[in-house]
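Reviewing the structure listed below.
Whatever order the structure lists them in is the order used to number ligands and atoms, beginning at 1. Position 1 is the first residue of the sequence, and the numbers go up from there.
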Amino acid sequence: MGATAIVTRFAPSPTGHLHLGHVHAAAMAHRLARQAGGHFLLRIEDIDPTRCRPEFTAAIQDDLAWLGLDWDGPVRVQSEHLAEYRTVLDTLSARGLLYPCFCTRADIAREIAASASAPHGPDGPLYPGTCRRLPADQRAARIAGGEAHALRLDMQAALAALAAPLTFDEAGQGRLRCDPARFGDTVLARKDVPASYHLCVTHDDAAQGVSLVTRGEDLKPATDLHRLMQTLLGWPEPRYAHHALLTDAQGRRLAKRDRAATIRDLRAAGVSAAEVLRRAVP
Ligand code: GLU
């Protein structure tokens with residue numbers, strides 16, 4: 001692979017069997033890498049133990065292999081890298097960019113209901129900042145008392161640490177301006193899982209040398225936050241190519257509930273790999 005050859009990845013969460021929408025994404029990442037003589041990586045985003053299951057991780061690999069979507073190198077399994085995510089959190093914490101949040105969902109809902117405005121971001125209502133205002137001694141006492149807490153990014157402090165406005169390079173669209181403030185004080189480590197999607201995806205893309213991030217356009221807004229993480233942490237900037245989501249004949253987005261579209265079922269029904277790829281990449 002040359003120094004400029006691209007590295008792409010397919011990064012499913014093993015919460016169910018692959019459907020045609022996943023194959024659409026995987027086939028795009030695979031094609032772009034293979035056309036350029038680059039690398040195509042497989043990453044399993046399984047940090048949520050309540051939603052992810054090892055049998056789906058195995059089934060994903062089996063379906064991809066059956067489709068001929070071969071990946072390079074070992075599969076990266078996020079749940080095996082929690083210590084690395086911890087190190088990133090420690091770095092941000094030492095720079096005063098994180099704070100512990102003890103709020104329950106009910107606390108947050110109550111606070112939002114009581115406030116005059118309830119701004120929404122791409123991940124839902126913005127956190128009202130309750131725990132950002134906690135005095136340091138109260139924070140320390142509650143942590144010492146073993147109270148469960150998430151870790152939130154202090155968005156204003158993070159934005160203040162930037163030297164220049166953030167942008168990203170989107171295929172066919174040139175450089176787009178980022179507005180990460182829309183996410184507010186986003187959770188980087190959950191109460192139940194010491195990490196989060198936004199933390200792990202940016203860490204791993206950097207750790208794996210991913211140079212072209214391909215994924216569905218539903219995740220395009222998240223790129224604003226991902227560029228912030230990459231910039232705060234001095235990670236390289238990948239290029240992005242967000243693709244339209246595959247829809248069914250009625251124009252509805254394919255989802256895991258559409259059992260008819262799982263690759264398992266298509267295989268069991270005797271549909272060939274070539275035909276599955278044809279349906280996934282019309
Ligand atoms: N794991 C994410 C998903 O299954 C995709 C992450 C990404 O491509 O950035 O939706």
Residue-ligand contact Phe10/ligand 1, heavy atom below 4.0 Å: no
Within reach of ligand 1, part of Arg9 (heavy-atom separation under 4.0 Å): side chain
Ring-ring centroid check His226 Phe183, cutoff 6.0 Å: no
Nearest candidate to atom 10 (O) of ligand 1, where distance is taken over non-hydrogen atoms, out of Leu219, Thr223, Ile47, Val201: Leu219
4.0 Å heavy-atom contact, His226 with ligand 1: no
Element-labelled atoms of ligand 1 that are located less than 4.0 Å from some non-hydrogen atom of Glu45: 1 (N), 2 (C), 5 (C), 6 (C)
Parallel, tilted or perpendicular, as decided by the 30° and 60° cut-offs, for the rings of His22 and His19: tilted
N or O pair under 3.5 Å between Tyr197 and ligand 1: yes
Between His81 and Glu84, a side-chain donor and acceptor under 3.5 Å: yes
Atom 5 (C) of ligand 1 [closest protein heavy-atom partner, distance rounded to 0.1 Å]: Ala11 O, 3.4 Å
Element-labelled atoms of ligand 1 that are located less than 4.0 Å from some non-hydrogen atom of Ser13: 1 (N), 4 (O)
Check: Phe10 ring centre within less than 6.0 Å of His30 ring centre: no
Validation row, ring centre Trp71 to ring centre His39 under 6.0 Å: no
Side-chain donor-acceptor pair present, Ser93, Asp90, cut-off under 3.5 Å: no
